[in-house]
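Working notes for the structure below.
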Amino acid sequence: MQPTTPCRPSLRAACAALAAAVLPVVACGPGMPPPAGGPVPPVEDPAAEPAPAPAPRLWLAGAGVEAGTLVLEGPTLAPGTVVEVLDAAGPVGAAEVSAEPPPECDGCPTERFLARTVGEARPFEGSALALHPSTGGLARVVWAEYPSLVTLGEDAVTWAEVDADGDRAVDLELVVWCGSFVPSGCDGRVCEEVCRGTRVLGGGEPADVVCEGFIPDVEDCLPEAEDCVLVEGGCQECGTDCRDIALTVPQAERWATYESEGVRMEVDLEDVLAICREHDEAEVLAWVEAHAGRAPRLDLRAGERELAGQRVALVVAALLERGRARVVDPGSGEPVERLVQMEWFWMGCGGRCRQSGREWRLRVPGEVFFKTTDLYGD
């Protein structure tokens with residue numbers, strides 16, 4: 001056997017360096033430290049819980065104009081998202097959010113989008129909801145009676161209760177409340193905007209809120225009938241849109257006349273000129289000044305035929321409001337001492353078109369003989 005040759009000091013240093021470079025790579029025991037300067041391997045905690053599933057959300061669902069389409073009301077979902085549809089009878093089917101816009105609708109909320117049914121779907125039984133994420137048919141909804149708009153207030157009222165996971169416990173509520181009021185009557189108010197949203201059982205602020213405005217029926221503010229005194233032939237003393245006008249016949253040197261529905265009105269020509277200047281009716285003023293010297297009485301209806309709009313009528317209306325006119329009753333041929341002036345209001349186009357103005361009668365009850373339109377709104 002050959003004797004071992006001792007390692008020289010220089011060789012021992014080289015061996016030590018080689019061992020330091022190789023051993024950490026090949027060593028894999030549990031007690032070995034990580035490589036110097038390298039990343040620390042992640043440590044898995046067997047007790048860690050998985051990420052929670054997204055909370056369920058609701059949309060009100062209605063049938064679209066085209067077969068196989070639905071209109072969902074609520075916050076927008078990305079096209080391609082699949083929702084589960086259910087009504088009081090249970091699952092209806094599934095629908096996929098479309099990139100197409102929903103059909104136009106007057107008075108509908110802006111938070112609307114289109115979805116198309118996926119696979120088999122049955123007709124709705126009453127109101128329906130869309131739910132996301134889908135539960136695979138486990139979700140159920142129980143509808144309550146829709147709250148009366150007469151009694152609806154600022155506090156949210158439950159319209160539907162939703163079991164979102166099929167465990168027979170309510171998870172979400174669809175709630176309704178009044179978002180805005182308008183005065184009605186002398187001391188009342190009615191709702192002019194209905195809002196709805198969802199909230200978790202137990203309260204909290206509603207989420208995914210959608211509001212719809214409308215034009216409610218508003219009552220006039222009038223005292224009780226027994227508190228109103230009817231002036232003979234005139235307005236009730238408590239009327240808010242009616243007033244009696246006592247007429248003062250002017251002592252004029254030059255007159256202007258205007259006839260409407262057989263009722264003749266005579267006014268001082270100087271009063272006409274003054275009203276034109278006061279109300280900046282330049283066209284009427286120019287016409288009157290150009291024709292005033294041709295006859296002792298100037299027929300204002302001739303100017304009305306020549307001038308566009310109702311400029312002449314508004315001048316006459318201003319004189320009637322001040323009682324500066326002689327008005328002849330066509331029935332008796334005698335001047336009257338008093339006129340009845342009332343306000344009128346008209347609305348159409350689903351509430352988008354409005355007009356208002358004033359009208360005059362010789363007495364109440366009695367037919368309107370003269371009328372102006374003061375305000376247009378579209």
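Side-chain atoms are counted along with the backbone in the values below, which use heavy atoms only and exclude waters and symmetry mates.
- Exactly one residue among E321, M265, M342 makes a side-chain contact (heavy atoms from CB on, under 4.5 Å) with W360. That residue is E321.
- Distance CG/L77 to CG/L72: 7.5 Å, rounded to 0.5 Å.
- Counting only residues at least two apart or on different chains, the side chain to side chain donor-acceptor pair (under 3.5 Å) pairs with a member in residues 252-261 are R254-E270, Y258-E304.
- By the neighbour-count criterion of 12 heavy atoms within 6.0 Å, atom CD of E289 is densely surrounded, having more than that number from other residues, nucleotides or ligands.
- By the side-chain hydrogen bond (donor to acceptor under 3.5 Å, both in side chains) test, E266 is found to be paired with R264, R297, R326, residues two or more places apart in sequence or in another chain being considered.
- With rounding to the nearest 0.5 Å, the separation of CZ in F370 from CG in L339 is 11.0 Å.
- Distance OG/S98 to CG/L114: 5.0 Å, rounded to 0.5 Å.
- A donor-acceptor contact closer than 3.5 angstrom links the side chains of S134 and E84.
- Counting only N and O atoms by type, the side chains of W287 and E306 include a donor and acceptor under 3.5 Å apart.
- Put simply, CG on D244 and CD on E337 are 12.5 Å apart, with the number rounded to the nearest 0.5 Å.
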Check against salt bridge (Lys or Arg N to Asp or Glu O under 4.0 Å), E173 and R199: CA-CA 5 Å; E173 294 179 306; R199 68 181 181 189; 3.1 Å; yes
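- Under the rule for a side-chain contact (heavy atoms from CB on, under 4.5 Å), the partners of D167 that lie at least two apart in sequence or sit in another chain are D163, D165, A169, D171.
- The structure places CD of E192 at 14.0 Å from CD of E212, a figure rounded to the nearest 0.5 Å.
- Connectivity analysis of hydrophobic side chains (ILVMFWY, heavy atoms under 4.5 Å, direct or indirect) links L314 to nothing; its cluster partners are none.
- Between C178 and C191, a gap of under 2.5 Å is found separating the two SG atoms.
- A salt bridge is absent between E343 and R358: the closest approach of a Lys/Arg side-chain nitrogen to an acidic carboxylate oxygen does not fall below 4.0 angstrom.
- Between atom OG1 of residue T248 and atom CZ of residue R324 there is a gap of 7.0 Å, rounded to the nearest 0.5 Å.
- Annotation: side chain of W59 is not in contact with side chain of V210 (no heavy-atom distance under 4.5 Å).
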Let's go through L70 and F124 carefully: what are the C-alpha distance in whole Å and the side-chain angles of both, what is the deciding distance for side-chain contact (heavy atoms from CB on, under 4.5 Å) to 0.1 Å, and is it a yes or a no? CA-CA 11 Å; L70 303 177; F124 294 159; 3.5 Å; yes
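- Taking the side-chain hydrogen bond (donor to acceptor under 3.5 Å, both in side chains) definition, one finds that D329 meets it with R363, sequence neighbours left out.
- The salt bridge (Lys or Arg N to Asp or Glu O under 4.0 Å) pairs that include a residue from residues 115-142 are E66-R116, D87-R122, E100-R116, where partners are two or more places apart or lie in different chains.
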